[in-house]
Amino acid sequence: MASDRTKEDFRKITDTAEPVRINKYLAQAGICSRREADRLIAEGKVLVDGAAAVAGQKVLPSQDIRVEGEQAVRSQERILLVVNKPRGVVCTTDKTWGDTTLEELVDYPSRVFYAGRLDKDSEGLILMTNDGELQDKIMRAANRHEKEYLVKVDRTVDDTFLKKMAKGVYLRELDTVTRPCRVEKTGRRAFRIVLTQGLNRQIRRMCAALGYQVQELRRVRIMNIRLGGLPAGQYREATDEELREICALAEAGKPVRM
């Protein structure tokens with residue numbers, strides 16, 4: 001748990017009468033990101049004192065602000081959880097197929113949501129937070145924040161494969177070339193890769209384009225946060241130092257090489 005002093009250092013809202021834009025308020029309330037807030041406002045799902053909110057509207061904490069009937073109250077403490085997602089757990093709220101969701105796995109007493117996803121067959125580090133602005137900054141591809149993975153494939157990893165992965169791979173189904181990245185061999189059929197973007201199933205697609213199939217994929221780092229020895233299916237709260245550093249990195253919007 002964060003110390004009282006750290007909680008005070010990271011207190012999101014002070015007792016002030018300064019109004020803020022409605023999308024920022026909803027992000028600070030842990031409802032969603034600013035972009036998602038704008039969408040909800042446009043769809044008429046946000047009410048301020050009983051009236052439909054409008055884009056750019058400024059609000060005060062004393063007002064009754066609701067999203068689809070749920071009252072939005074700004075949090076006084078920033079929460080950041082470090083989660084080790086096992087294979088088979090999904091990063092969605094869709095229960096159509098009866099899968100265990102990340103929210104069900106963590107079962108945290110306060111509302112938190114993930115900052116970046118892993119597909120069902122992948123495992124490892126996921127961050128969860130109650131801060132929509134921090135979530136948005138971590139996930140924003142333009143910020144080029146590093147994410148590190150350990151991967152095992154079905155064929156021998158050779159220099160040609162490593163060079164092509166590092167240079168960037170053309171993904172036909174997405175009609176794009178991946179950004180240059182760092183790749184190093186860690187075993188006969190294993191490698192470590194550090195990405196600065198987060199295309200859908202990116203590593204699996206890159207490998208498939210080069211004739212390889214991923215057998216195991218585990219994320220071990222996001223920016224300054226490392227998975228370490230955290231057991232699969234468990235979570236911990238970020239340390240004071242981790243929280244300070246990731247907030248500073250996210251605010252700066254600059255890549256950091258670890």
Side-chain angles (χ1 to χ4, degrees), residues 23 26-43 45-46 67-70 72 75 78-141 143 145 147-151 171 173-174 176 178 195 197-208 213-223 225 227 230-238 246 250:
N23 60 356
L26 294 180
Q28 292 174 334
I31 301 297
C32 55
S33 67
R34 290 197 197 189
R35 182 178 299 179
E36 178 68 6
D38 289 335
R39 183 185 67 80
L40 292 171
I41 292 166
E43 293 176 356
K45 297 180 179 179
V46 180
V67 179
E68 297 182 298
E70 179 181 351
S75 174
R78 179 179 282 129
I79 298 168
L80 182 66
L81 303 182
V82 179
V83 185
N84 188 349
K85 185 191 91 66
R87 293 182 67 174
V89 172
V90 296
C91 298
T92 177
T93 57
D94 185 358
K95 293 290 293 178
T96 302
W97 305 105
D99 295 315
T100 299
T101 67
L102 190 63
E103 287 84 356
E104 290 172 332
L105 174 74
V106 173
D107 193 26
Y108 196 71
S110 300
R111 182 174 183 175
V112 291
F113 34 86
Y114 37 81
R117 301 187 180 193
L118 283 173
D119 62 60
K120 182 176 179 178
D121 294 327
S122 299
E123 59 187 309
L125 177 60
I126 286 186
L127 301 179
M128 300 187 75
T129 181
N130 66 339
D131 187 332
E133 290 188 279
L134 179 60
Q135 176 206 34
D136 185 59
K137 289 173 181 177
I138 291 173
M139 294 177 63
R140 192 175 300 159
N143 288 341
H145 296 312
K147 296 176 287 291
E148 182 176 339
Y149 303 80
L150 299 179
V151 187
L171 305 180
E173 59 271 44
L174 301 181
T176 189
T178 60
L195 302 179
Q197 64 184 138
L199 301 175
N200 181 35
R201 298 176 67 87
Q202 180 172 342
I203 295 173
R204 296 181 187 276
R205 291 178 187 273
M206 292 171 71
C207 289
Q213 295 298 317
V214 171
Q215 295 182 326
E216 295 180 23
L217 192 156
R218 182 161 60 104
R219 185 159 62 198
V220 296
R221 177 172 64 87
I222 298 174
M223 300 167 69
I225 309 290
L227 184 63
L230 185 66
Q234 300 295 310
Y235 74 87
R236 65 174 177 84
E237 294 187 348
I246 199 169

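Along the sequence shown, the residues carry numbers beginning at 1.
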Taking salt bridge (charged side-chain N to carboxylate O under 4.0 Å, His left out) as the definition, give me every residue that meets it alongside D38, ordered by chain and number, with sequence neighbours left out.
none

With sequence neighbours left out, write down each residue that passes side chain to side chain contact (heavy atoms under 4.5 Å, CB included) with Q234, or none if nothing qualifies.
L230, P231

Within the distance-only criterion (no hydrogens, no angle test), does the side chain of R34 pair as donor or acceptor with the backbone N or O of E36 below 3.5 angstrom?
no

For L81 and E237: C-alpha separation, side-chain torsions, deciding distance, then whether side-chain contact (heavy atoms from CB on, under 4.5 Å) applies.
CA-CA 5 Å; L81 303 182; E237 294 187 348; 3.7 Å; yes

Taking all atoms of both residues into account, what is the closest heavy-atom pair of P86 and L105, and its distance?
CD-CD2, 3.6 Å

So, using side chain to side chain donor-acceptor pair (under 3.5 Å) as the criterion, who are the partners of E70 when residues are at least two apart?
R111

Between OH of Y108 and CG of L102, what distance do you get to the nearest 0.5 Å?
14.0 Å

Between CD1 on residue I203 and CZ on residue R219, distance to nearest 0.5 Å
9.0 Å

One pair to check against side-chain contact (heavy atoms from CB on, under 4.5 Å): L127 and I246. What are the steps and the verdict?
CA-CA 11 Å; L127 301 179; I246 199 169; 3.7 Å; yes

Please identify each residue that fulfils side chain to side chain contact (heavy atoms under 4.5 Å, CB included) with Q202, with sequence neighbours left out.
T178, L195, Q197, L199, M206

Nearest 0.5 Å please: distance from the CD1 atom of I225 over to the CG atom of L80.
5.5 Å

State the CZ-CG distance between R221 and L227, to the nearest 0.5 angstrom.
12.0 Å

F113: partners by ring-ring contact (aromatic ring centres under 6.0 Å, His included), with sequence neighbours left out:
none

C91 backbone acceptor or donor facing Y114 side chain under 3.5 Å
yes

T101/V90 under side-chain contact (heavy atoms from CB on, under 4.5 Å): CA gap, chis, key distance, verdict:
CA-CA 5 Å; T101 67; V90 296; 4.1 Å; yes

Taking everything shown except R35 itself, do over 12 heavy atoms lie less than 6.0 Å from its CZ?
no

Rounded at 0.5 Å granularity, tell me how far CG in L150 sits from CD in E123.
9.5 Å

Going from CE on M223 to NZ on K147, what distance comes out if it is rounded to the nearest 0.5 angstrom?
9.5 Å

Closest heavy-atom contact between A72 and L26?
CB-CD2, 3.8 Å

Which atom pair, heavy atoms only, marks the closest approach of E104 to D99?
OE1-O, 3.8 Å

Dump the intermediate steps for side-chain contact (heavy atoms from CB on, under 4.5 Å) on R204 and D119, then the final yes or no.
CA-CA 10 Å; R204 296 181 187 276; D119 62 60; 3.1 Å; yes

Smallest heavy-atom separation, L125 atom then L118 atom, equals O-CD1, 3.8 Å

Shortest non-hydrogen contact between I126 and G116, atoms and distance:
CG2-O, 4.0 Å

Can you list everything that forms a side chain to side chain donor-acceptor pair (under 3.5 Å) with N200? Sequence neighbours excluded, please.
none

Could you tell me whether the side chain of S122 and the main chain of R218 form a donor-acceptor pair under 3.5 Å?
no

Look at the side chain of R87 and the backbone N and O of D121, then say whether any donor-acceptor pair between them is shorter than 3.5 Å.
yes

Kindly give the heavy-atom pair with the smallest separation between V106 and M128, and that separation in Å.
CG2-SD, 3.7 Å

